[in-house]
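Before any comments, here is the structure.
Lettering of chains follows the sequences in order, A, B, ..., and the numbering in each one begins at 1.
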Number of protein chains: 2
Amino acid sequence: MARPGGRSARVQASVHAAVRELTSEVGRDALTVPMIAQRAGVTPSTIYRRWGDLQELMSDVAVERLRPDTAPKDLGDLVSDLTAWAEQFFDEMASPAGRAYIRDALLGDPDGSNAGQCSAYAAEQIDVILTRATERGENAPDTEAVIDHVVAPLMYRILFRPDGLDASYARRLVATAVAPSHKGPPPTA
Amino acid sequence: MARPGGRSARVQASVHAAVRELTSEVGRDALTVPMIAQRAGVTPSTIYRRWGDLQELMSDVAVERLRPDTAPKDLGDLVSDLTAWAEQFFDEMASPAGRAYIRDALLGDPDGSNAGQCSAYAAEQIDVILTRATERGENAPDTEAVIDHVVAPLMYRILFRPDGLDASYARRLVATAVAPSHKGPPPTA
DNA sequence: CGACTAGACGCAATAACTTTGCTTTAAGCT
DNA sequence: AGCTTAAAGCAAAGTTATTGCGTCTAGTCG
């Protein structure tokens, strides 16, 4: 039986807050379950029973922090909207903190649901932008195409080749994804 | 001073072998440093001193297993070569074992060098294929373009959205990456 | 409104893992 | 062959992870 409110909710909030505080105080790599438990005013066994281990807890916190808090800005046309979104996405994800969150989200994630959630967040934001463009009468690519041509290359390079990466790469990806050809449906999963 | 041969090499080989054996016997998630040490005929402190912790050891082993062992096949033309390579890459990476290796490689990797190595392996293989195509007189895309349009989408979906993914997706990615437009230089990092 | 039920937490003992100082081995060099 | 020193072994100390059991409380039913 789920217990959305009450004591359980307080414990969860308290533990999440403790993780955020301690991450900024001592750094992500120095965190331990007992340390988090003490800060949260909880016993370690509570955390172990509820989250399993440190990685799963961090994964849980990471997904929460990677959730976008605002709708993408409306700048009047598709290219501007998508470029602005991609730049912001890049800035958040490519920072040391962002990379750590992504890795945590991927890591302590036995069934892949947390990673899937992150991807879903991005897809939702893109969907908003593309729907808006379509309503304006612009001809917009498919959401999956934007994921393949913009999100995936960004993520790949952030995770596997972080060197020499900057926001201009994100802009170029958007430009080539939106501009050329692509009349036939692009590859879809 | 580096000690490439001798006892250190034997210990490394023995530990790596122990990891591989135990992974298939008890599963990746049940591994512990003391367990590996015992199987390898080594004391736990040796592993802790040399690799730091279990994650870094797993990352080390993962990179070794992700190294391609053969040059890509030569089937006579660019599309065939790249398609065959992408299918094989997909099969290896999308399997449960492959996903586990990728995650391990990303995980215990403080400076990102292991992940970079994985990406370099793929880039090398692609380079061989593209060079061959150019020598045949075919006009081939840039290595970076193939990474953006084929490797990155594959990896992104394997890591973030493993559901409903199959080899035909890899084929479609190659088809759209090689075939259309792309006269101007595609986005590069 | 009050008793009941079951999931979640606290506590404490136990077990397992990690770290560390010191000693011993053996690879590479002269 | 002898020397030097990185790396491994050993063992004690410290920390973290697991687990059984009693208690509390949110949600439910009478």
Can you check the B:I47 CD1 to C:dT19 P distance for me, whole Å?
13 Å
In whole angstrom, give the distance that lies between atom CD of B:E56 and atom P of C:dT19.
10 Å
Find the distance B:W51:CH2 to C:dT19:P and express it as a whole number of Å.
15 Å
Every protein N/O lying under 3.5 Å from an N/O of nucleotides 11-17 of chain C:
from, atom 1, to, atom 2, distance (Å)
C:dC11, N4, A:S45, OG, 3.0
C:dC17, OP1, B:T32, OG1, 3.3

Lys/Arg N to Asp/Glu carboxylate O, A:R103 vs B:D109, below 4.0 Å:
no
Please indicate whether A:Q38 has more than 12 foreign heavy atoms, meaning atoms of other residues, nucleotides or ligands, lying under 6.0 Å from its CD.
no
From CZ of B:R10 over to P of C:dA26, roughly how many Å is that when rounded to an integer?
8 Å
Under a 4.0 Å threshold between the charged nitrogen and the carboxylate oxygen, would A:E25 count as salt-bridged to A:R39?
yes
Parallel, tilted or perpendicular: which one describes the rings of A:H149 and B:H149, with boundaries at 30° and 60°?
perpendicular
Enclosure of B:D111 CG (heavy-atom neighbours >12, cutoff 6.0 Å):
yes
Between atom CD in B:Q12 and atom P in C:dA27, what is the gap in whole Å?
16 Å
Establish, with yes or no, whether the OP1 or OP2 oxygen of D:dA6 is under 4.0 angstrom from a side-chain nitrogen or oxygen of B:R7.
no
Just the rounded figure in Å: distance from P of D:dT15 to CD of A:Q38.
13 Å
Is the shortest distance from a Lys or Arg side-chain nitrogen in A:D81 or A:R136 to a carboxylate oxygen in the other one below 4.0 Å?
yes
